[in-house]
Amino acid sequence: MNYWLMKSEPDAFSIDDLVARPGKREHWDGVRNYQARNFMREMKKGDEILFYHSSCPEPGVVGVAKVVKEAYPDFTDLDPESKYYDPKSSEEKPRWFMVDIQYKKKLKRTVTLKELKQNPQLEGMQLLRKGNRLSVMPVAASEFDAILAMV
DNA sequence: GCCAACGTTGGC
DNA sequence: GCCAACGTTGGC
């Protein structure tokens, strides 16, 4: 099994929004970065995901989800009304992909970015690299465990 | 709101 | 293929 981290702005879609969805699952649409897309295509059913809140008063890891459907075309890129519309995508040659994720748990409290930076076990974590802007990225099993142990 | 650090685009 | 200009992300 592999581990991942996915960022979401809680104003747009929070861990609580995931809980409120039917079946506590949701398709992760709107990723428009090739590296992030490629990571999503590597995801396997059952992989676990750290749910991260970004661009908010307290950025950090807030919960865990799992992959319940592997990568398939992100249909929002075909919809001219969508803000994720991409005229260069087509049904025959989809450009963007998404996965479905399902809620697993919410942490008792947010493990903040600040704390992550202070944990020596997490040195080298991709999230903490300077200038990192990826919204989807791999997490080492040891990092995943270390973060959950911080709660 | 600022700004660093990217990624993308497009002219050449 | 280079690179300047531009747009976006995301912490602060």
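Letters A, B, ... are given to chains in the order of the sequence lines, protein chains preceding strands, and every chain is numbered from 1.
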| remark: Sorted by chain and number, sequence neighbours left out, side-chain contact (heavy atoms from CB on, under 4.5 Å) with A20(A) holds for none
| request: May I have the distance from H53(A) (atom NE2) to dG11(C) (atom P), rounded to whole angstrom? | output: 12 Å
| Test item: T110(A) side-chain N/O and T112(A) main-chain N/O as donor-acceptor pair under 3.5 Å | no
| message | Once rounded to the nearest 0.5 Å, what's the spacing between atom CE of M6(A) and atom OG of S54(A)? | response | 12.5 Å
| message | Counting only heavy atoms and a strict 4.0 angstrom limit, can you tell me which residues of residues 112-122 of chain A come near DNA chain C? | response | L113(A), K117(A)
| task | Using the test side-chain contact (heavy atoms from CB on, under 4.5 Å), find all partners of K130(A) that sit at least two apart in sequence or belong to another chain. | result | none
| task | Hey, could you give me the CG/CE distance between L116(A) and M150(A), rounded to the nearest 0.5 Å? | result | 5.0 Å
| said: Within this structure, what is the CE-CH2 distance for the pair M40(A) and W96(A), rounded to the nearest 0.5 Å? | reply: 9.0 Å
| Side-chain ion pair, E115(A) and R109(A), N-O less than 4.0 Å | yes
Below 3.5 Å is the cut-off: list the nitrogen or oxygen pairs between protein and nucleotides 3-7 of chain C, distance only.
none

| note | On a heavy-atom basis, the closest approach of I49(A) and K66(A) is CD1-C, 4.1 Å
| message | So S55(A), base contact, sugar-phosphate only, or nothing? Heavy-atom distance under 4.0 Å. | response | base
| remark: Separation of dT9(C) atom P from Q35(A) atom CD, nearest Å, is 15 Å
| ILVMFWY network linking M1(A) to I101(A), side-chain heavy atoms under 4.5 angstrom | yes
| task | Take atom OH of Y52(A) and atom P of dT9(C), then tell me their distance rounded to the nearest Å. | result | 15 Å
| request: Could you check how far CG of N132(A) sits from P of dG10(C), rounded to whole Å? | output: 8 Å
| query | Quick one: L128(A) CG to dG10(C) P, roughly how many Å, whole number? | reply | 14 Å
| said: Tell me which pairs pass salt bridge (Lys or Arg N to Asp or Glu O under 4.0 Å) where either residue lies in residues 28-46 of chain A, with sequence neighbours left out. | reply: R32(A)-D74(A)
| request: Would you kindly give the CG-to-P distance between N33(A) and dT9(B), to the nearest whole Å? | output: 11 Å
| field | Neighbours of DNA chain C within residues 87-97 of chain A, by heavy-atom distance under 4.0 Å | value | none
| task | Please answer whether the main-chain N or O of Q35(A) pairs with a side-chain N or O of N38(A) as donor and acceptor at a distance below 3.5 Å. | result | no
